[in-house]
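Here the structure is a predicted model, which is why all the values come from computation and not from measurement. In the text below, chain A, chain B and the rest are named by the order of the sequence lines, each starting its count at 1.
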Amino acid sequence: MPELPEVETTRRGIRPLVAGQVVTALQVRNPRLRLPVPTDLAAAIVGERLAEVRRRAKYLLLDFPAGSVIIHLGMSGSLRVLAAGEAPGLHDHVDLVFGSQLLRLRDPRRFGLVVWQAGDALAHPWLSRLGPEPLGGAFDGAWLHRVTRGLRLPIKQALMDAQRVVGVGNIYASESLFRARIHPLTPAGEVGPRRCERLARAVRETLEMAIAAGGSTLRDFVGSDGRPGYFQQQYFVYGRAGAPCRVCGSPVERAVSGQRATFFCPRCQLR
DNA sequence: CACCACTCCTGCCCGC
DNA sequence: TGCGGGCAGGAGTGGT
């Protein structure tokens with residue numbers, strides 16, 4: 001399930017292989033994603049040079065002269081660079097062919113998206129109202145404190161709201177709150193300035209560590225099994241209900257918040 | 001606004 | 001061994 005670190009690792013993996021290359025063909029094998037792949041996509045990009053691969057939140061932006069292909073990996077999407085002619089698998093929806101190689105989007109659960117945005121990609125309605133990047137300078141404790149005043153909803157849900165900060169998904173929300181020693185069900189408005197500071201720092205550190213862990217597997221984006229290698233990453237609480245907290249040994253608990261599984265240590269994390 | 005519920009889809013795991 | 005059921009999960013959308 002790609003969260004921001006996986007998307008960033010994907011970006012870093014594919015960028016050196018496709019940036020600067022000209023699209024020679026587009027193959028839409030299965031247009032059915034969360035929204036249908038636009039039928040006029042080929043007209044927009046075939047024959048054009050891919051200038052840059054950027055990321056905003058969990059969206060990947062493939063920049064062309066006239067606009068950008070915006071890709072979201074949903075929860076099961078992956079992008080790999082393969083040799084042209086590589087036989088497609090069951091859920092390989094789209095290929096961007098660049099001469100002798102291709103960029104292949106696979107998405108078994110079809111929560112992903114491919115859209116075309118003419119002109120500035122950031123002007124797309126899905127991107128234009130997003131909050132700050134968690135790894136950028138605009139996100140810090142002061143910002144987090146400001147955008148959570150008066151909120152009664154749990155801090156975890158506030159953290160996962162892309163208008164407040166982007167890129168914090170279910171896994172890293174739980175992990176960041178553990179790192180900051182804040183109980184995920186604490187009303188967001190009750191988290192004071194010092195704890196907001198700690199939480200903002202925890203979000204940044206958690207994501208940076210995950211990206212660093214993925215960086216060693218960039219070579220996997222070419223060739224056979226191209227999955228980013230976070231599976232080796234050790235989570236503190238996520239998915240560990242009943243298992244001992246890695247810090248204090250108390251059993252990790254599971255709750256549901258905003259219809260999402262939420263994991264925390266009841267002893268380390270205070271309301 | 002703030003908040004909530006619903007929706008998309010399929011691989012995987014569990015129990016029988 | 002096969003099969004049904006339940007679950008997970010990003011984020012847009014459409015309520016109250």
More than 12 non-hydrogen atoms from neighbouring residues, nucleotides or ligands closer than 6.0 Å to [atom1] on [X], yes or no?
X	atom1	result
A:R267	CZ	no
A:F236	CZ	no
A:R15	CZ	no

Would [X] and [Y] pass as an ion pair if we require N to O under 4.0 Å?
X	Y	result
A:R12	A:E8	yes
A:R54	A:D63	yes
A:E86	A:R104	no

Nearest-Å distance for atom pair [atom1]/[atom2], residues [X] and [N]:
X	N	atom1	atom2	result
A:M160	B:dC4	CE	P	14 Å
A:Q259	B:dC8	CD	P	14 Å
A:Y235	C:dA8	OH	P	16 Å
A:M75	B:dT10	CE	C1'	9 Å
A:L33	C:dG12	CG	C1'	15 Å
A:L151	B:dA2	CG	C1'	8 Å
A:K58	C:dA11	NZ	C1'	9 Å
A:R152	B:dC1	CZ	P	17 Å

Smallest separation among heavy atoms of A:R110 and A:S76, with atom names:
N-OG, 4.1 Å
Over all atoms of both residues, closest heavy-atom pair of A:L153 and A:Q157:
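The answer is CD1-CB, 3.6 Å.
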Pairs flagged by ring pair (Phe, Tyr, Trp, His ring centres under 6.0 Å) wherever residues 44-68 of chain A is involved - sequence neighbours left out:
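Counting only pairs at least two positions apart or across chains, the ring pair (Phe, Tyr, Trp, His ring centres under 6.0 Å) contacts touching residues 44-68 of chain A are A:Y59-A:H72.
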What nucleotide among B:dA5, C:dT13, C:dG10 has an atom nearest to a side-chain atom of A:R260?
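Side chain of A:R260 sits closest to C:dG10.
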Using only side-chain N and O atoms of A:H91, determine if any of them is under 4.0 Å from OP1 or OP2 of B:dC9.
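No, outside the criterion.
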Indicate whether OP1 or OP2 belonging to C:dA11 is found under 4.0 Å from a side-chain N or O atom of A:H72.
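For A:H72, the contact criterion (side-chain N or O under 4.0 Å from OP1 or OP2 of C:dA11) is met.
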Let me spell it out: for each of A:V168 and A:R254, pick the nucleotide of DNA chain C with the closest heavy atom. Which residue's pick is nearer the 5' end?
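Its nearest nucleotide lies further toward 5', so the answer is A:R254.
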If we fit an axis to the first five pairs and another to the last five of the helix from B:dA2-C:dT16 to B:dC16-C:dG2, what angle do they make, to the nearest 10°?
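If I round to tens, the end axes sit 40° apart.
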Near DNA chain C, which residues from residues 105-121 of chain A have a heavy atom under 4.0 Å away?
A:R109, A:F111
A:R34 vs A:L90, nearer the 5' end of DNA chain B by closest nucleotide
A:R34
